[in-house]
2 protein chains.
Amino acid sequence: MIDKAIQAIAEPRRRDILHLVRDGELTSSAIASHFDISAPAISQHLKVLEEAGLVVVRRAGTKRFYGIRREGFFEIKQLIESFWDDSLLRLKEAAEEEERRKHESNQQK
Amino acid sequence: MIDKAIQAIAEPRRRDILHLVRDGELTSSAIASHFDISAPAISQHLKVLEEAGLVVVRRAGTKRFYGIRREGFFEIKQLIESFWDDSLLRLKEAAEEEERRKHESNQQK
DNA sequence: GCATTATTTAAGTTGACACTTAATTAAGTA
DNA sequence: TACTTAATTAAGTGTCAACTTAAATAATGC
């Protein structure tokens, strides 16, 4: 799933779509009106986002409202934090500092 | 830059490479030994990662040591958190709850 | 200088994917 | 039923990126 999610956000227009639906649901055509590509192209992007678990659809008559699915970002968030994490980084630096002090005191012998 | 960074981590082998160099530097060939693709292919992936600011190179003789560049993940981290952020989410929910209460008291008039 | 090792650059191939237009599905309404 | 609106699916095209092998660069040792 994380593969699909990362693939999905790798496309700039899909990130734009995510920003558009971040604070409220929008229909496919409302989303499409923000872009200069065709409605089918938007529909295809929405499908990718949905299959990646990053958006959800709510059907109402002939309209389909797309909204963000926050949990879908959890795995990516964890991945990124495994590389860039405040607490882990500080722990590592503290360990290195400790190591350095050890070596210094050894050299003084 | 964030475009390049996201593009870079979208490729599964590049994520594998990042995991490999996460806890210490490795040479191009040491990295390549973990994969069944050619050395040039790895070199090309490393170039993409470097241009995205996710790894750094240290040259030593004929060898080149690749290591992770943690700051490179900062922008992606921020992007993801703009969609999935504990504190922001709670703020938004609190605001919505507040809004709901307002409407209720209006309806009672 | 020549050989060796480590790695990259060059050039070409292939498959995926982001589009397009045309056709189709689906729901509501006169 | 036929019409309209909203959106998707189908089919085809062009571009790009992930690979390949072969050639080139770069540093080191004899």
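Naming convention: chains lettered A, B, ... in sequence-line order (proteins, then strands); numbering from 1 in each chain. Every value quoted in this text rests on a predicted model; they were computed, and no experiment measured them.
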Can you figure out which of C:dT8, C:dT20, C:dA6 approaches the side chain of B:K63 most closely? C:dA6
What's the shortest heavy-atom distance between B:E51 and B:K4, and which atoms? O-CD, 3.8 Å
Please identify which of these residues, B:R14, B:R15, B:R13, meets the salt bridge (Lys or Arg N to Asp or Glu O under 4.0 Å) condition with B:E11. B:R13
Closest to the B:E11 side chain: D:dC19, C:dA18, D:dT8? D:dC19
Separation of A:E51 atom CD from C:dA16 atom C1', in whole Å? 15 Å
Distance, rounded to the nearest Å, where B:I42 contributes CD1 and C:dA6 contributes C1': 14 Å
Starting from C1' on D:dG14, measure out to CD1 on A:I37 and report it in whole angstrom. 16 Å
How long is the line joining CZ of A:F35 and C1' of C:dT20, in whole Å? 17 Å
N/O (side chain, B:S38) to phosphate O (OP1/OP2, D:dT20) under 4.0 Å: yes
Pairwise 5' ranking along DNA chain C for A:G61 and A:P40, keeping only the more 5' one: A:P40
Would you indicate whether the side-chain heavy atoms of A:Q78 and A:I2 approach each other to under 4.5 Å? no
Rounded to the Å, how far apart are A:F65 CZ and D:dT5 C1'? 13 Å
Whole-Å distance, A:K47 NZ to D:dT9 C1', equals 7 Å
Applying the side chain to side chain contact (heavy atoms under 4.5 Å, CB included) criterion to A:H45, which one of A:D16, A:I37, A:L18 satisfies it? A:I37
Distance, rounded to the nearest Å, where A:D16 contributes CG and C:dA18 contributes C1': 14 Å
Under 4.0 angstrom between B:R64 side-chain N/O and D:dA26 OP1 or OP2: no
For C:dA6 and B:T27 - does any side-chain N or O of the residue sit under 4.0 Å from the phosphate oxygens OP1/OP2? no
Distance below 4.0 Å between B:S43 side-chain N/O and C:dT9 OP1 or OP2: no
Does D:dT8 have OP1 or OP2 sitting under 4.0 Å from an N or O in the side chain of A:Y66? yes
Co-membership, hydrophobic cluster, residues A:I68 and A:V56, 4.5 Å side-chain: no
Looking only at the side chain of B:R59 (C-beta and beyond, no hydrogens), which of the listed nucleotides D:dA7, C:dT20, D:dA26 gets closest? D:dA26
Check this one for me: any side-chain N or O of B:S28 less than 4.0 Å away from OP1 or OP2 of C:dT8? yes
Whole-Å distance, A:H45 NE2 to D:dT9 P, equals 15 Å
Do the side chain of B:Q44 and the base of C:dT7 come within less than 3.5 angstrom through a donor-acceptor pair of N or O atoms? no
Specify the residue among A:T62 and A:A41 whose closest nucleotide of DNA chain C lies further upstream toward the 5′ end. A:A41
